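To keep things clear, I will list the structure first and then write my remarks on it.
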Amino acid sequence: MDVDLDSTLGCGQAHRWHKVDDSWEGVLGNEVITLTQTPDGFECEGTDDENLILDYFRHDDDLDSIYEECARSDEFVSGLIDRCRGLRILRQPHYECIATYILATNANVKRIGAMVEGVCRTFGRNLGGRYSFPTPEEILAKKDLIHECRLGYRADRFIEYAQSVHDGTFDPDALESTSYEECVEALLRIKGVGPKVADCIALFSYGHLEAFPIDARIGNVLRDRYGVEGSYKKLAQYARERFGRYAGYAQEFLYHADFIE
DNA sequence: CATCAACCTGATCA
DNA sequence: ATGATCAGGTTGA
């Protein structure tokens with residue numbers, strides 16, 4: 001499979017991967033996975049279920065044609081693609097992705113990672129050095145320990161989300177076959193999920209590649225490079241029209257534009 | 001619908 | 001050293 005682990009796992013879309021020496025170590029389900037880059041893909045240790053990994057990396061995505069289509073829509077984007085070769089949008093488990101992005105509001109990448117590891121260490125199962133992402137039941141059973149995770153005002157939202165999944169009020173898997181619009185609409189009903197987080201989840205978990213999450217950084221790029229400013233709705237609409245059905249991939253490319261002076 | 005202060009925490013900067 | 005400001009936003013007024 002055509003993939004570059006560094007850009008895919010290090011770009012901030014997933015928060016449980018650490019680069020150790022030459023390999024990426026992470027947790028998928030109840031397994032600690034180690035991935036090592038090879039010329040035409042990667043070697044995988046830690047699971048017998050190869051399909052699990054392939055699905056996680058959305059191996060069906062034809063990177064060449066996606067990149068080509070992004071490049072065609074925009075000259076600036078096409079100039080950025082070379083530095084992102086092999087970057088794949090992931091397909092992260094729904095429940096876990098939503099919970100993670102509830103924590104991701106108004107915090108930098110480093111702190112998000114610290115919060116996520118914190119809840120895993122506090123509530124999850126010890127897999128030998130790494131911890132599984134806790135189930136709603138595991139969280140609720142020990143919810144008094146939530147303060148140890150130092151989530152700040154996100155703590156209540158995190159617990160409330162776990163509760164809603166536990167009691168069936170919200171079913172992450174039920175959004176599996178919904179359209180992008182329906183998906184976002186449902187996600188927005190979760191406390192702690194606003195338009196940006198909903199787009200992240202729609203893109204990184206439900207595979208809606210037209211989703212275009214706009215954080216502060218992307219907002220700067222849109223302003224400086226495209227001269228557009230305004231509400232989230234306005235910017236998102238502009239982006240989807242401009243970048244088309246793979247706007248989510250274009251967003252990843254633009255995310256790296258910030259580093260160029 | 002648009003605007004805006006408040007919000008936990010930890011890191012960075014004056 | 002101690003205080004202000006900001007960081008992958010959302011909420012409620």
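Just so we're clear, the structure is a prediction, and the values are computed from it rather than from any experiment. In what follows, chains carry the letters A, B, and so on, assigned in the order in which the sequence lines appear, proteins first and then strands, with residues in each chain numbered from 1.
At the heavy-atom level, Cys11(A) lies under 4.0 Å from base atoms of the strands shown. As judged by a 4.0 angstrom heavy-atom cut-off over every strand, Lys191(A) is placed among residues touching the sugar-phosphate backbone only.
Between Ile98(A) and Leu187(A), the closest side-chain pair of non-hydrogen atoms falls below 4.5 Å. Using a 4.5 Å cut-off on side-chain heavy atoms (C-beta onward), Tyr131(A) and Thr122(A) make no contact.
Side-chain to base pairing of Arg111(A) with dC6(C): no donor and acceptor N or O lie closer than 3.5 Å to each other. Between the side chain of Tyr232(A) and the base of dG9(C) there is no donor-acceptor pair of N/O atoms closer than 3.5 Å.
Across the protein-nucleic acid pair, Leu235(A) atom CG and dC1(B) atom C1' stand 15 Å apart, rounded to whole Å. Atom CG of Asn106(A) is separated from atom P of dC4(B) by 17 Å (rounded to the nearest Å).
Taking CZ of Arg91(A) as the start and OH of Tyr206(A) as the end, the distance is 9.0 Å to the nearest 0.5 Å.
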| Paired and unpaired positions of DNA chain B as dot-bracket, Watson-Crick or G-U wobble under 3.5 Å, | denoting a partner strand | ..|||||.||||||
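Checked by atom type and distance alone, the side chain of Gln13(A) pairs as donor or acceptor with a backbone atom of Arg88(A) at under 3.5 Å.
For the side chain to side chain donor-acceptor pair (under 3.5 Å) with Trp24(A), the qualifying choice from Thr8(A), Asp6(A), Thr34(A) is Asp6(A), the only one to do so.
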